[in-house]
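Report on the following structure.
Residue numbers start from 1 in every chain, and the chains themselves are labelled A, B, ... in the order their sequence lines are given, proteins ahead of strands. Keep in mind that this is a model prediction, so the values were computed, not measured.
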Amino acid sequence: MDLTLKIWRQKNSSAKGKFETYKVNDVSPDSSFFEMLDTLNQQIIETGNDPVAFDHDCREGICGTCSLYINGRPHGPKRGITTCQLHMRSFKTGDTIVIEPWRAKPFPIVKDLLVDRSALDLIIQAGGYVSVNTGGIPDANSIPVQKQKADLAMDAASCIGCGACVAACANASAMLFVGAKVSQLALLPQGKVEAADRVEKMVAMMDMLGFGNCSNTYACEAECPKEVKVTNIARMNRWFIRSKVGAEKPEAATYD
Amino acid sequence: MSTLFKYSSITKKIIMGAFGLFLALFLLVHLTINLLLLSGDGGKMFSAASEFMTTNVLIKIFEYVLFGGFFIHILFGVIVTLKNWASRPVGYYTSNKSHTSFFSKYMFHTGVIIFIFLLLHFMHFFFIKTGWVQPPAGIEKHDFYGLAVALFTHKIYSLIYIAFFVFLGFHLNHSIQSGFQTLGLNHNKYNSAIKIVSLVYSVIVAGGFSLIPLYFMFIF
Amino acid sequence: MTTLNSKIPQGPLAEKWTTYKSTCKLVNPSNKRKIDIIVVGTGLAGASAAASLGELGYNVKVFCYQDSPRRAHSIAAQGGINAAKNYQNDGDSVYRLFYDTIKGGDYRAREANVYRLAEVSNGIIDQCVAQGVPFARDYGGLLDNRSFGGAQVSRTFYARGQTGQQLLLGAYSALSRQIKKGSVKLYNRRDMLDVVVVDGKARGIIVRNLVNGQIEKYFGHAVVLATGGYGNVYFLSTNAMGSNATPLWRAYKKGAFFSNPCFTQIHPTCIPVHGDFQSKLTLMSESLRNDGRIWVPKKLEDVAKLRKREIKPSDIAEEDRDYYLERRYPAFGNLVPRDVASRAAKERCDAGFGVSHSGLAVFLDFKESIERLGKNVIEERYGNLFQMYEQIINENPYETPMMIYPAVHYTMGGIWVDYDLMTTIPGLFAIGECNFSDHGANRLGASALMQGLADGYFVLPYTIGNYLSAEIHTKRIATDAPEFVQAEKDITEQLEKLKNIKGKQSVDSIHKKFGKLMWEYCGMSRTEESLKKGLSLVPEIKKEFWTDLFIPGEMNEYNPEIEKASRVADFIELGELIMKDALQRKESCGGHFREEMQTEDGEAKRDDENFAFVSAWEFKGEDKEPEMHKEQLTFEVAKPSQRSYK
């Protein structure tokens, strides 16, 4: 199949970017989206020019590195997959495909289609963990966990931290990302201990980094490659209210 | 003011949402009284209710609470929206095509329209009551029935009101289910029920209010 | 010939680690604050080590080439993690896990290391549960297990088909906690390019900042490599695109010995290659073999019709199907170890029974399990894998059998380490997949996660203290010391040399060619002839690389072509060493199958008399032959026997 690609090119974070148009021909419908881009880059290199930079690593939909906004949708037109799992059979010959980087204030562009998502790491660092050290842990089966809750925790934990929720959100909000981590840990007895404290710290960090508010459009859920549910956001809100009005109020979250 | 900005995003949303739900409930009270206009008794019941609403001390106090509610809902709505706009300084070339409910993306816009409507509505009723605006010739400033008849027999005003009710419906349809989500009162089992309630409520309110101008246009 | 000192503690096997722990030297808390440790890599081993060392009070600097530590390729491990908990009451024990691992590794691993691994396995599960890892549970709220290849007990803990992801996120969360505390400092998007050795000890690393191309120098009292395996030598593998052997190779060139490079694991259940454009292979978890049955048609005419798509797999009658694993290995059936399953698939395909249009695929069929357990049970167990398969192949595996074929997946070989996990360069440690130690010639399923976390959480924190206790008086060395400056200069020159080749070919196109060469001459089965042929072709490719490579863009900017070029330069050299090692090992064992050495019914034939050793290659200089040292393996408890899964 023959395609026209309209790709955002930007030399570095401070440079001004613009769209460039490329043609790729004879793309196999069985190739993946990235294999198509590999072919394009091979073409570009052969003409002595700078190939398109994009983030990718595992190419099997689990590492969360890939991050393309394709024809107005993070990870492209299909539901429940990452960009690297998108195959060219989802397009047809003659199509024009517009490829943009994730756009959000906390995700500055590094180059072309590559953005810096360290902000998501900072949110986890603010409290997305259970405060246990290595060793001295009681037997794994000493606290039974209700299967339904363990399953819900696993649903939330399947987040791959790609940031598609932020990219899709009209407000560049990271609530689904934060809600998923807060939910996963709050659903398990091991993580519930610090749930109230955790939610305050993570939300405070998210706000400080410049992510927007949730306006319940649910674009995040629609675009999440792991189909993490927005009920996790509601659960986070619940825990947030609990942290504010709960009997044993944790100390106020601080930024430093 | 700057402290307001410092509130956590969720706190701001909860305040906005809680007052929003409160305002939505008020609309039901407002609607119930207004529907008395349709009783066909020449406005007797409606006037009695209006009389009660304008003179009762508790209601007077409640009026302040209500205005406070509007003010806070709008204030936080604006703060939240400004922050949201700032979160994506450079937008996308291709507009977003994610599958979402259409109205959820335009809450601020429908909110602004409702605000403008509210000012117009106050010009027609509330500001007349307070004496800031002169009533139309020949109508007492406390004669709400008379004001309503004068207004809605005017076709253009009726159509403007109906158009605004439609926007109010859009705003409500998303906001009620959204309020549940924001307050964390969301549960897989009840989510579809909440959605239906939200829809039904918005239809009742928007439809109910629209009946009044329609009545005066076609039946009165 | 040098004898390598593996420093295995004295005493009975089962007491070695306990004795070690209670007698090893310690560093007191006030001194830990004065000690810097560099950890390279943030997979299971690296993240867990960095977090644990940070908790202990050391100053840790952790490096990864990805944008976030959470993206290391451990995240792609699917099936599960082994532990000798015996929750199923099916007769498991530390000894049995040890024995299965030694036997699965075809008696080419060190007993003491493997026993320690089995011993600490239980603690890993406790640790992960405490971190909030959502392992699968049964209705009573207790942990569930599944079976894996090479074992007759159910000892594998899992979190759907995303166990690696969940364990890594657990380790990442512990790491994040230490980063927040300030005990660990994270350097992301950094490619490690050299080890700095000062007075014979590893004292730092040179990295390239991938965002701005700057070369940076970092000091550490000790350096820990946790950089994973080198499967990408083959171009097509299940590794991530960025997985590379550069840290290992540069350490090798600075004096660390490289062990058993020819032990590469070919995983039996991968999605077959489907085109020339292909950039990587995708693994389907081995756990699928729990419920899937592997078969090819019995009749060649059915094969021909299948390839022409004249018939569907379901059209082939039960009696015309050859469930070859069940036929050849009735005791273990579809759950034989990976090397055995891979070779059996190759054997059938070589005989002409391969089912895809390329002839390189066999069926993995779930029909019977779906009938027995119901579709929803299968979906709950493997839903995400089935989905993944459908994305790639565009066929629904609930309705038609999957097609699978073996692919390069894991490398058992790696940097030689002693019992302390220290390499032959004092102060340089290697943990996880990048060392050679625990899996012998073949790794059992669900053991990689176990080893990575065992090394990082429970072994290294002790053994590194044993080394660092003698380093408490060593002052921090400034990175403008001559050794650092020299290393920086060497690296800069190397990169400039690559950039200045200014030929015509892209890195990938040369890598692809080299990968094909490796797969053809040193793939699933090897012969003296193929290896010699392969080795004779290397100089040509090397020359092509160093004369015809083209790297676009600038040095001092984000430039993935530079990254890839320096990695591929190392892959080519490492590939050569792999073939040399394969050539000298004139026996078949585990993942290394020499066609000349097989039993009458086609099973691998070990030669314990001559090859019960670990090869350890020493770099002797560019363009000089490396020297091979031997660490003799002794088996006091698990006496070698012919592996049989019949």
Among A/Leu188, A/Leu114, A/Val27, A/Asp112, the residue with the most heavy-atom pairs under 4.5 Å to chain C is A/Leu114
Which atom of C/Val60 lies closest to which atom of C/Gly54, heavy atoms considered: CG2-N, 3.8 Å
Chain A contact via C/Leu281 - which portion, at a heavy-atom distance below 4.5 Å: backbone
Which bit of C/Ile393 is near chain A, if near means a heavy-atom gap under 4.5 Å: side chain, backbone, both or neither? backbone
Per-residue tally against chain C (heavy atom, under 4.5 Å) across A/Glu46, A/Lys111, A/Arg59 peaks at A/Arg59
At a heavy-atom separation under 4.5 Å, does A/Gln42 approach chain C through its side chain, its backbone, both, or neither? side chain
Just checking, is any N or O donor in the side chain of C/Ser243 or C/His73 under 3.5 Å from an acceptor N or O on the other one? no
May I ask you to check whether C/Tyr558 and C/Asn212 show a side-chain donor-acceptor distance below 3.5 Å? no
Is it the side chain or the backbone of A/Asn12 that comes within 4.5 Å of chain C heavy atoms, both, or neither? neither
Is chain A contacted by the side chain of C/Gln166, its backbone, both, or neither, given a heavy-atom distance below 4.5 Å? side chain
Interface moiety of C/Phe157 toward chain A, non-hydrogen atoms closer than 4.5 Å: neither
Quick check: does any side chain N or O of A/Ser183 sit under 3.5 Å from a backbone N or O of A/Ala156, one acting as donor and the other as acceptor? no
Which atoms of C/Gln505 approach chain A - backbone, side chain, both or neither, heavy atom under 4.5 Å: neither
Under 4.5 Å from a heavy atom of chain C, the part of A/Ser118 involved: side chain
Engaged part of A/Ser13 at the chain C interface, taking heavy atoms whose separation is under 4.5 Å: neither
Please rank C/Ile392, C/Leu169, C/Asp138, C/Asp508 by heavy-atom pairs under 4.5 Å with chain A and give me the top one. C/Ile392
Would you find a donor on one side and an acceptor on the other, under 3.5 Å apart, between the side chain of A/Lys229 and the backbone of A/Glu227? yes
Choice from A/Ala153, A/Pro138, A/Ser131, A/Gly127 maximising heavy atom contacts with chain C below 4.5 Å: A/Ser131
Given that the side chain runs from C-beta out, which part of C/Gln131 has a heavy atom under 4.5 Å from chain A: side chain, backbone, both or neither? both
In terms of heavy-atom pairs under 4.5 Å with chain A, the winner among C/Gln162, C/Glu557, C/Lys280 is C/Lys280
Is it possible for you to check whether C/Lys185 lies under 6.0 Å from the centre of the six-membered ring of C/Tyr187, through NZ or CZ, and within 45° of that ring's axis? yes
Check each atom of A/Glu60 against the heavy atoms of chain C and say whether the ones under 4.5 Å are side chain, backbone, both or neither. both
Looking at every heavy atom in both C/Cys270 and C/Ala407, which two are closest together, and how far apart are they? SG-CB, 3.5 Å
Which one wins on heavy-atom pair count under 4.5 Å against chain A: C/Lys504, C/Gln278, C/Lys181, C/Gln66? C/Gln278
So which part of C/Ile179 gets closer than 4.5 Å to some heavy atom of chain A, the side chain, the backbone, both or neither? side chain
Taking all non-hydrogen atoms of both residues, which atom of A/His75 and which atom of A/Glu223 are closest, and how far apart? CD2-O, 4.3 Å
Measure across C/Leu56 and C/Pro461 and return the closest heavy-atom pair with its distance rounded to 0.1 Å. CD1-CB, 3.8 Å
Side chain, backbone, both or neither of A/Lys78 within contact of chain C (heavy atoms, under 4.5 Å): side chain
What about the rings of A/Phe34 and C/Phe277, do their centers lie closer together than 6.0 Å? no
Chain C interface, residue from A/Asn133, A/Val132, A/Val130, A/Ile137 that has the most non-hydrogen pairs under 4.5 Å: A/Asn133
With no hydrogens and no angle check, just 3.5 Å: does a side-chain donor-acceptor pair link A/Ser67 and A/Asp55? no
Do you know which of C/Gln78, C/Gln165, C/Lys85 has the most heavy-atom pairs under 4.5 Å to chain A? C/Gln165
Heavy atoms of C/Lys512 and C/Asp276 approach each other most closely as NZ-O, 3.1 Å
Got a donor-acceptor contact below 3.5 angstrom from the C/His511 side chain to the C/Asn232 backbone? yes
Comparing C/Val133, C/Leu143, C/Thr282, C/Leu175 against chain A, the one with the most heavy-atom pairs below 4.5 Å turns out to be C/Leu143
Are side-chain N/O atoms of C/Tyr158 and C/Asn145 paired as donor and acceptor at under 3.5 Å? no
Heaviest contributor of heavy-atom pairs below 4.5 Å to chain A, chosen from C/Arg71, C/His274, C/Arg137, is C/Arg71
What one should report as the nearest heavy-atom pair of A/His87 and C/Gln391 is ND1-O, 3.5 Å
I'd like to know which of A/Pro189, A/Ser28, A/Ala157 tops the heavy-atom pair count under 4.5 Å against chain C. A/Ala157
Out of A/Gly135, A/Ala53, A/Gly191, A/Ser142, return the one with the most heavy atom pairs under 4.5 angstrom to chain C. A/Gly135
Which bit of A/Val193 comes within less than 4.5 Å of chain C, counting heavy atoms only: side chain, backbone, both or neither? neither
